[in-house]
**Q** 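The structure follows.
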There are 2 protein chains.
Amino acid sequence: MPKETFFNLPAEKQALIFDVAIAEFALHPYEQASVNRVVARADIAKGSFYQYFENKKDLYLYLLQRIGEAKLDYLAPVMGNARQHDFFTLLRDLYAAGIQFGIENPRYVEISKRLMESKGSPIYTEVMEANTSAASELFETLLRTAISNGEVRSDIDVPMFAYLIASMNTLVMEYYIEHIARVGDDQLLATVEQFIDFLKNGIGASAGKAPSTQGALS
Amino acid sequence: MPKETFFNLPAEKQALIFDVAIAEFALHPYEQASVNRVVARADIAKGSFYQYFENKKDLYLYLLQRIGEAKLDYLAPVMGNARQHDFFTLLRDLYAAGIQFGIENPRYVEISKRLMESKGSPIYTEVMEANTSAASELFETLLRTAISNGEVRSDIDVPMFAYLIASMNTLVMEYYIEHIARVGDDQLLATVEQFIDFLKNGIGASAGKAPSTQGALS
DNA sequence: ATATAATGTGACCGAGTGGTCATGTGACCG
DNA sequence: CGGTCACATGACCACTCGGTCACATTATAT
């Protein structure tokens, strides 16, 4: 956590430092990110930085916390409807909201990705000890209730598919952001719909489900 | 490519340097990996290193090339049977072989993962220019022929699912290596079978397929 | 034995790192 | 006016980095 001195700063200066730091950690993994560059770009003295933050890690954890809060805020409304929808609909909304969040905060996504990449690095363990991979656990719970409700096959390896579903969220997001221009929400929803349909029915021809994913919803 | 001097070295010394370098790049991303540590652990003088390799990048690209060759050798027999099996069976064999390769060469996998993570770093672009993400293209071809053969639904977004299938290979491998002890090949095949079945039929309860994945094959 | 070519060696270089600290500055208080 | 306190500052520290280079050592050939 930053020191009092940081929060005593005028809001604009706080925001400037925050933005510059976000850009730095979005561009470089933790070990590579440079405090020197941050202070230079934020136009503050090196000494001042260390009056705002304990050290580099302090800044980094602060950024992660802010990012986590932002994402939670973003997903809260969707999770609020949890009981009203079936499993796959809820999943669709979670994915769509997650991707939308990624589109609006690409640098946050970069930072999260770089964290995931740093598996094995000391900082990764430190972060994850307090986090315990919340996403995977959430999906595990959702999967189990979905199985109870008869919405999902009961013969699957729940932890494995929870892991897959959590990770695929990132995959679909990356693919969407990199390969599909943000033409509009229609594209996003269509992509997510197609993916959810895949989760539900697979890609095998045998399923014979109605291919209702294209243009079915506005 | 290393200089002649490197290949003039006694095979043991070449192997030692190779192993030490592999360990270093498995533990640290490219920018973080230290030539100093490599020469120290391989017990050669700094100057000698630069008589074997042009620079750090030269060493790194050499490792990647060797890794690529090793993996190709590993997958060659499976790909040889490409025409004899249906799409999902071929996919299962590819996944199983890939995971087996990962189990036997965990440090190679680490290195590949660290490369993929370094997206945006200058070294990544440089490597990928010569590589063009062969895996994704391979799966795209396989998917198209599978659609022609009526094995796969024709209404899917082929590039997206090629990307997903390529990436999920890594996911399943990571999950298997981290969460399932290597009790034996049975476990591996069972895991992969379950995953392929998911690809084919999804996890929706409606599919009603026979749950033949457990223990169906020795 | 001598000349020549090939290879080994580690001190050294410039640059960058995270972090410290003595000093400077200015606002508030009595 | 003097004193105090919060904050600003950038020179500086010890360290690591990738890479170089003058020189020592060894192998080969004559």
Side-chain angles (χ1 to χ4, degrees), chain A residues 1-18 20-25 27-64 114 118 121-124 126-127, chain B residues 1-18 20-25 27-64 114 118 121-124 126-127:
Chain A
M1 265 295 125
K3 305 180 183 176
E4 291 179 32
T5 51
F6 175 72
F7 296 109
N8 291 344
L9 250 38
E12 308 156 15
K13 196 136 205 176
Q14 279 187 45
L16 174 62
I17 294 174
F18 180 79
V20 167
I22 287 284
E24 176 69 13
F25 283 94
L27 212 52
H28 307 278
Y30 173 76
E31 325 267 357
Q32 217 84 31
S34 161
V35 174
N36 286 330
R37 275 194 297 259
V38 169
V39 300
R41 295 201 37 181
D43 209 42
I44 61 178
K46 186 84 164 283
S48 296
F49 176 89
Y50 283 94
Q51 247 160 359
Y52 304 150
F53 301 93
E54 293 291 344
N55 47 39
K56 183 180 173 180
K57 188 168 77 182
D58 187 25
L59 167 64
Y60 184 59
L61 295 182
Y62 174 61
L63 297 186
L64 288 185
R114 296 211 185 274
S118 305
S121 178
I123 191 72
Y124 177 85
E126 196 149 349
V127 171
Chain B
M1 264 293 125
K3 306 178 183 178
E4 290 178 34
T5 50
F6 176 72
F7 296 109
N8 291 344
L9 251 36
E12 308 156 15
K13 196 137 204 175
Q14 279 186 48
L16 174 63
I17 294 174
F18 180 80
V20 167
I22 286 284
E24 176 69 14
F25 283 93
L27 211 53
H28 307 278
Y30 173 76
E31 326 267 357
Q32 216 84 33
S34 160
V35 173
N36 286 332
R37 274 193 299 259
V38 170
V39 300
R41 295 198 39 177
D43 209 41
I44 60 177
K46 187 86 163 283
S48 296
F49 176 88
Y50 283 94
Q51 249 161 354
Y52 304 151
F53 301 93
E54 294 290 345
N55 47 39
K56 184 180 171 180
K57 189 168 76 183
D58 188 25
L59 167 64
Y60 183 58
L61 295 182
Y62 174 61
L63 298 186
L64 288 185
R114 294 208 188 277
S118 305
S121 177
I123 192 72
Y124 177 84
E126 196 149 349
V127 170

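Each chain gets a letter, A, B and so on, in the order its sequence line appears, and its residues count up from 1.
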**Q** Under 4.0 Å between any heavy atoms, over every strand shown, what does B:Leu9 touch: base, sugar-phosphate, or nothing? Just pick one.
**A**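 The answer is sugar-phosphate, as B:Leu9 gets under 4.0 Å only of primed atoms, P, OP1 or OP2.
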
**Q** Suppose we define a pair by two distances each less than 3.5 Å, Watson-Crick or G-U wobble; what does C:dG19 pair with here?
**A**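 Result: D:dC12.
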
**Q** On the nucleotide C:dT17, are OP1 or OP2 found under 4.0 Å from the side-chain N or O atoms that A:Ser34 carries?
**A** yes

**Q** When you measure from the side-chain N and O atoms of A:Asn8 to the phosphate of D:dC7, is any distance below 4.0 Å, counting only OP1 and OP2?
**A** yes

**Q** Between C:dG16 and A:Asn36, is there an OP1 or OP2 to side-chain N/O distance shorter than 4.0 Å?
**A** no

**Q** Counting any heavy atom closer than 4.0 Å, what does A:Lys56 reach on the DNA or RNA strands: base, sugar-phosphate only, or nothing?
**A** sugar-phosphate

**Q** In terms of ring plane angle, is the pair A:Phe25 and A:Tyr30 parallel, tilted or perpendicular, where the classes change at 30° and 60°?
**A**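 The rings of A:Phe25 and A:Tyr30 lie parallel, inter-plane angle below 30°.
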
**Q** Under 4.0 Å between a side-chain nitrogen and a carboxylate oxygen: does that hold for B:Lys57 and B:Glu126?
**A** yes

**Q** Could you tell me the separation between the NZ atom of A:Lys13 and the P atom of D:dC7, rounded to a whole number of Å?
**A** 13 Å

**Q** Looking at every strand, decide which applies to B:Ser48 at a 4.0 Å heavy-atom threshold: base, sugar-phosphate, or nothing.
**A** base

**Q** Give the rounded distance in Å between these two atoms: CD of A:Glu4 and P of D:dC7.
**A** 8 Å

**Q** Would you call the rings of B:Phe53 and B:Tyr62 parallel, tilted or perpendicular, taking 30° and 60° as the class edges?
**A**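 It falls in the tilted class, 30° to 60°.
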
**Q** Starting at the 5' end of DNA chain C, which residue's closest nucleotide do you reach first, A:Gly47 or A:Glu31?
**A**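 In this pair, the answer is A:Glu31.
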
**Q** Rounded to the nearest angstrom, tell me the gap between atom CZ in B:Phe53 and atom P in D:dG18.
**A** 14 Å

**Q** Could you check how far CZ of A:Arg37 sits from C1' of C:dG18, rounded to whole Å?
**A**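 Distance, rounded to whole Å: 13 Å.
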
**Q** Under 4.0 Å between a side-chain N or O of A:Tyr50 and OP1 or OP2 of C:dG19?
**A**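 The answer is yes; a side-chain N or O of A:Tyr50 sits under 4.0 Å from OP1 or OP2.
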
**Q** Whole-Å distance between C:dC21 P and A:Phe49 CZ?
**A** 17 Å

**Q** Just how far, in rounded Å, is P of D:dT16 from NE2 of B:His28?
**A** 13 Å

**Q** Would A:Val20 and A:Ile17 count as a side chain to side chain contact (heavy atoms under 4.5 Å, CB included) if you check the C-alpha gap in whole Å, the side-chain angles of each, and the deciding distance to 0.1 Å?
**A** CA-CA 5 Å; A:Val20 167; A:Ile17 294 174; 5.9 Å; no

**Q** For A:His28 and A:Arg37, what are the C-alpha separation, side-chain angles and deciding distance, and is it a side chain to side chain contact (heavy atoms under 4.5 Å, CB included)?
**A** CA-CA 11 Å; A:His28 307 278; A:Arg37 275 194 297 259; 3.4 Å; yes

**Q** Rounded off to whole Å, could you give me the CD-to-P distance for the A:Gln51 and C:dT25 pair?
**A**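 Nearest whole value for this atom pair: 16 Å.
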
**Q** When we call it a touch if two heavy atoms are under 4.0 Å apart, what does A:Tyr52 touch: a base, just sugar-phosphate, or nothing?
**A**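 A:Tyr52: backbone/sugar contact only, no base atoms under 4.0 Å.
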
**Q** Which whole-number value in Å describes the distance from A:Lys46 NZ to C:dG24 C1'?
**A** 19 Å

**Q** Just checking A:Ala33: base, sugar-phosphate only, or nothing, at a heavy-atom cut-off of under 4.0 Å?
**A**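 The answer is sugar-phosphate, as A:Ala33 gets under 4.0 Å only of primed atoms, P, OP1 or OP2.
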
